[in-house]
A.B. asks: 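The structure under discussion is supplied below as structure tokens; questions concerning it will follow.
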Amino acid sequence: MTKNLSLQEQLLEQYDKSYEGHGISGERIAHRLSELSKIGLTADNGSNRPGFSLAEKQAKELIKTWMLKAGLSVSEDGAGNVFGRLTGEEDHLPAIMSGSHVDSVPNGGHFDGPLGVLAALEVVEAWKEIDYRPRKPFEVAIFTDEEGSRFNNGLNGSEALIGKANVEEKIELQDEEGRSFAEVLQDVGLSVQGYAEAGRQLDEIELFVEVHIEQGKRLEKEELPCGIVTGIAGPCWLEFTFDGDAGHAGNTPMDDRRDALVAASEFVMKVNKLPRQINDSAVATIGKLQVEPNGVNVIPGKVTLYVDIRDIYKETRDELVNCVLSLSKEIADTYHIQVNHEEKVRVHPVPIAEDIQQVLEQALLEHGISPYKLPSGAGHDAMILGEKIPVAMIFTQSKNGISHNPAEWSSLSDCVQTVQVLKTFVESLQHDRR
């Protein structure tokens, strides 16, 4: 954020008002993004609103006031999830839900999460402006603690909503200050019992659609304001331990070594090439590595590293996992060392249904936007809800692909065009889908 200029002023500097219309106001979106940015503002002009913090609660309370002014009935469940409901002409029908989160990583950006919440709320504001009432009820959702920066355990609000949360595991969690899950909940007026009982009847929700910044560069390269998400990748995290022999760097001949780091290095290089052999949307990352004994003049005897494997399709994700496991054994045999692995995480990917993508495609075309499809490599609340109900996602262009950083940026013109697409998409869902 440029010093001495508010986020609102920056957003409006190069805003193209020609993208407005149909009741949508870019100035209102800019104002609300700016007001939220002031809550938990860091010295670097970033956001610091951890899940279950007073700052996250303050952001929710501010949005609640906007919800009420827009004519929504507001409720909050035991996990702190907030819902603003607009009644439909046939209010007994399952609701269309849209939203995201307002918590952040430490010193994060101002768009990751809040844009999705405000986009959904702006649809309601637009309907109010043009005197439109949907046939089906519409709910604006704010999910608690998506980022997981407090407990390294995110998506807590959406997990509670679908009844997936493992409360026994969560009550064992502690934050960096040694405070328990129960204590942190109490700080913001919640309880473990309330959290455990936050599950909802999911037949009340027809579909959840989430607007989110892309956090990548594909849309920017295509010069498009927004795109259609084809699926949300499910991560599998594997911990590998390569065990060789530590030895003296000067007195151990090259042909008599069991160097764990040399083996691990070949593994790193070859893992990098595997995803392209499996699927275009598959990725694998080794971002954490520990060497023991880690001395300048000592042959590495042990290396521990972590592989993050993701794809939007379970079959190809699991195929890549098996290829990585086979590769580790092959390299260990080549270098006469031992390798062991432990699976840390395996989350189901969530592909977006083709018929939902087609409705989104028509919404983009209606606004003169070329329908570009791309996968989401990051997890979102839509990933959790997608285990139980139909979901959709719309990505908004991110400048330079930067996210989780004060430099995170999406232009107001791109944000407004995304809201136009969201509004058209939700209106298309007012008719029964075949």
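Residue indices begin at 1 and follow the sequence shown. Not measured: the values here are computed from a predicted model.
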A.B. asks: Between the side chains of His101 and Asp381, does any donor sit under 3.5 Å from an acceptor?
C.D. replies: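 Short answer, no.
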A.B. asks: For the residue pair Tyr195 and Leu190, establish whether any side-chain heavy-atom pair is separated by less than 4.5 Å.
C.D. replies: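 A side-chain contact is absent here, since even the closest heavy-atom pair is not under 4.5 Å.
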A.B. asks: Do Lys270 and Glu266 sit within salt-bridge range, that is, some charged N less than 4.0 Å from a carboxylate O?
C.D. replies: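 Answer for the salt bridge query: yes.
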A.B. asks: Is there a side-chain contact between His31 and Arg28, using heavy atoms and a 4.5 Å cut-off?
C.D. replies: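 Of all side-chain heavy-atom pairs linking Arg28 with His31, none is under 4.5 Å.
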A.B. asks: Asn107 and Thr42: side-chain hydrogen bond (donor to acceptor under 3.5 Å, both in side chains), yes or no, with the steps?
C.D. replies: CA-CA 6 Å; Asn107 206 28; Thr42 69; 2.6 Å; yes
A.B. asks: Kindly determine whether Tyr335 and Phe242 satisfy ring pair (Phe, Tyr, Trp, His ring centres under 6.0 Å), including the steps that lead there.
C.D. replies: CA-CA 10 Å; Tyr335 288 93; Phe242 291 86; 9.4 Å; no
A.B. asks: Among Asp103, Asp145, Asn156, Asp175, exactly one meets side chain to side chain donor-acceptor pair (under 3.5 Å) together with Arg150. Which residue is that?
C.D. replies: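 Single side chain to side chain donor-acceptor pair (under 3.5 Å) partner of Arg150 among Asp103, Asp145, Asn156, Asp175: Asp175.
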A.B. asks: Would you say Thr418 and Thr396 are linked by a side-chain donor-acceptor pair, where the criterion is simply a distance under 3.5 Å?
C.D. replies: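 The answer is yes; a qualifying pair exists.
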A.B. asks: Please step through side-chain hydrogen bond (donor to acceptor under 3.5 Å, both in side chains) for the pair His367 and Thr424, ending with a clear verdict.
C.D. replies: CA-CA 9 Å; His367 294 282; Thr424 299; 2.6 Å; yes
A.B. asks: Under a 4.5 Å cut-off applied to non-hydrogen side-chain atoms, are Ser98 and Val123 in contact?
C.D. replies: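 No, their side chains stay 4.5 Å or more apart.
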A.B. asks: When you check the gap from the basic side-chain N to the acidic O, do Arg85 and Glu139 get nearer than 4.0 Å?
C.D. replies: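 The answer is yes: the pair qualifies as a salt bridge.
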A.B. asks: Would Asp112 and His212 count as a side-chain hydrogen bond (donor to acceptor under 3.5 Å, both in side chains) here? Give the steps.
C.D. replies: CA-CA 7 Å; Asp112 177 352; His212 204 281; 2.8 Å; yes
A.B. asks: Evaluate Ser281 against Asn279 for side-chain hydrogen bond (donor to acceptor under 3.5 Å, both in side chains), listing each step before the verdict.
C.D. replies: CA-CA 5 Å; Ser281 56; Asn279 196 25; 3.0 Å; yes
A.B. asks: State whether the side chain of Glu210 and the backbone N or O of Ala382 hold a donor-acceptor pair below 3.5 Å, judged by distance alone.
C.D. replies: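 It does hold such a pair.
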A.B. asks: With the side chain counted from C-beta on, respond yes when Leu161 and Phe83 share a heavy-atom pair under 4.5 Å apart, and no when they do not.
C.D. replies: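 Leu161 reaches Phe83 side chain to side chain.
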A.B. asks: In this structure, which one of Lys64, Lys60, Lys57 forms a salt bridge (charged side-chain N to carboxylate O under 4.0 Å, His left out) with Glu76?
C.D. replies: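 With Glu76 as partner, salt bridge (charged side-chain N to carboxylate O under 4.0 Å, His left out) holds for just one option, Lys64.
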A.B. asks: Please determine if Arg200 and Glu204 form a salt bridge, counting it only when a charged side-chain N lies under 4.0 Å from a carboxylate O.
C.D. replies: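 Glu204 and Arg200: salt-bridged.
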A.B. asks: Between the side chains of Gln8 and Ser34, does any donor sit under 3.5 Å from an acceptor?
C.D. replies: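 No, because no side-chain N or O of Gln8 sits under 3.5 Å from a partner of the opposite role on Ser34.
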A.B. asks: Identify whether the distance between the nearest side-chain nitrogen and carboxylate oxygen of Glu361 and Lys373 falls below 4.0 Å.
C.D. replies: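 Salt bridge between Glu361 and Lys373, a charged N being under 4.0 Å from a carboxylate O: yes.
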A.B. asks: Say whether, by atom type as modelled, one donor and one acceptor occur between the side chain of Glu239 and the main chain of Lys344 under 3.5 angstrom.
C.D. replies: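 Judged by distance alone, no pair lies under 3.5 Å.
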A.B. asks: Sub-3.5 Å donor-acceptor pair from the side chain of Glu159 to the main-chain atoms of Ile384, do we have one?
C.D. replies: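 Pair absent, no side-chain N/O of Glu159 close to backbone of Ile384.
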A.B. asks: Indicate the atoms forming the closest heavy-atom contact of Leu305 with Ala264, along with that distance.
C.D. replies: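 Result for this residue pair: CD2-CB, 4.0 Å.
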